[in-house]
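What follows is one structure encoded as structure tokens, with my remarks underneath.
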Amino acid sequence: MRRIPQTPRPAWRVRCDEVGFSFYDLESEGGRPYWNETAAYAFTLPEIELLESATKELFDRCMDAVEHIVRQGRFDEFGIPGRYHELVRASWNDDDPTVYGRFDLAYDGGSGVKLLEFNADTPTSLVESAAAQWQWLDDLKAAGQLPAGTDQFNGLHELLIEQWEHVRQARWGLAPGALLHLASLHDSGDGALIVEDFDTVAYMAETVKAAGFEPKLVFMEDLRWDVDSQRFLDGDDVPVKQIFKLYPWEWMITEQFGGFLTVSRGTTQWVEPAWKLLLSNKQLLVVLWELFPDHPNLLPAFTTPDALAGRSYVSKPRLGREGANVTVFGADGAVEASATGAYGDEGFVYQERAAFADLPGKTAVIGSWIVGETPAGIDMRETSGPITGDLAEFVPHYIEETS
């Protein structure tokens, strides 16, 4: 893996807009745009095969972990209230379908690939991963900036369409034209549209339509519970039978309508499903290490830092996002870096610090996508410090042409 300087396309913002990616100018470190094509990460094919294999292996072990957690009834460890235990159990036992997820991986530049966390419920960076960086690759090849045979580990778009078609036909038994709601949060209380979430859901709607659904974009704020019909309705009073939501389960089960999630199990199908509560919680890291100690793709993780004494480690809130409230400790126990945030009341897990490739001034986290059960591609987010937070920059990647 190499980080190679690149010349940005002259009209890159216009080109990003054309694929529905409009939040490229969100401020990152130093006020730079979030989308950064002044560089690219180049991988060899064996490196890509290593990442693909690790992603599949991690997904399989995560499925083993969910099976174990459900069979042992270990829901309390994940902070799931008792009234939702049966909902999660039924969702898993009934094999409620999943569409996608994103593993965050640390790669040491050699043979070491380690799981940092699994963004299993509401992973972001989808539109920039699936559409924007593929367009970037095509443009650079057309301009002669990259050889014509250059490739990218990126089958996200096609695999999403295939998976949605599988869900529609094989899992839900729905004919073409069936309605599928797609929901995101409109705002954080200030009235301003959350553009990143809206663009992500709008892109997902494109794949949904290509898979034979009739998509309808809605906002979570507009969903309501109808007492008479005992079901969820959208703002137009249309029943919500199938819905994709870019909105975390851990929020849903604490809110006013949360109690109706169990009642509506037979009338509303949610993607991602309720069993993802067990994968989007960093307590998963502890269970994985317990079940598969010394696994080559896992880092030691515990509920207390005692077992990591004498080693550099990281504390992470179980339900934290974008690096918030993460603290990095040195081998002597001293704090080396920390990030503020609104998380932590739910408790912390403690994970051995990962080794990253030696990139002067940069820490690069690989986001490795899974669609259904298939590794689907990667994205690269980089920072100048050890914590990948909300100011990380997205940098495209490619696979170097082989002779």
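When the side chain to side chain donor-acceptor pair (under 3.5 Å) test is applied to Asn325, no partner is found at least two apart in sequence or on another chain. Remark: Asp17 engages Ser22, Tyr24 in a side-chain contact (heavy atoms from CB on, under 4.5 Å) (not counting sequence neighbours). Under the rule for a side-chain contact (heavy atoms from CB on, under 4.5 Å), the partners of Pro248 that lie at least two apart in sequence or sit in another chain are Asp121, Thr122, Glu250, Trp251, Arg321.
Residues Phe23 and Val127 have side chains in contact (heavy-atom distance under 4.5 Å, counting atoms from C-beta outward). Under the 4.5 Å side-chain criterion, counting only non-hydrogen atoms from C-beta, Leu87 is not in contact with Leu277.
A salt bridge does not link Lys56 with Glu52: every distance from a Lys NZ or Arg NE/NH1/NH2 to an Asp or Glu carboxylate oxygen is 4.0 Å or more.
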Q | Pair Trp289-Leu299, side-chain contact (heavy atoms from CB on, under 4.5 Å): steps then yes or no | A | CA-CA 7 Å; Trp289 187 253; Leu299 292 162; 6.0 Å; no
Q) Between Arg171 and Gln269, is a side-chain contact (heavy atoms from CB on, under 4.5 Å) present by the stated rule, with each step listed? A) CA-CA 11 Å; Arg171 308 303 298 281; Gln269 295 267 13; over 6 Å; no
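Counting only distance, with no hydrogens or angles, the side chain of Ser91 and the backbone of Asp96 share no donor-acceptor pair below 3.5 Å.
The ring pair (Phe, Tyr, Trp, His ring centres under 6.0 Å) pairs that include a residue from residues 324-364 are Tyr313-Phe329, where partners are two or more places apart or lie in different chains. Under the ring pair (Phe, Tyr, Trp, His ring centres under 6.0 Å) criterion, the residue pairs touching residues 103-131 are Phe103-Phe118, with sequence neighbours excluded. Annotation: ring pair (Phe, Tyr, Trp, His ring centres under 6.0 Å) contacts involving residues 173-196, sequence neighbours excluded, comprise His186-Phe219.
A ring-centre distance under 6.0 Å is found for Trp35 and Phe21.
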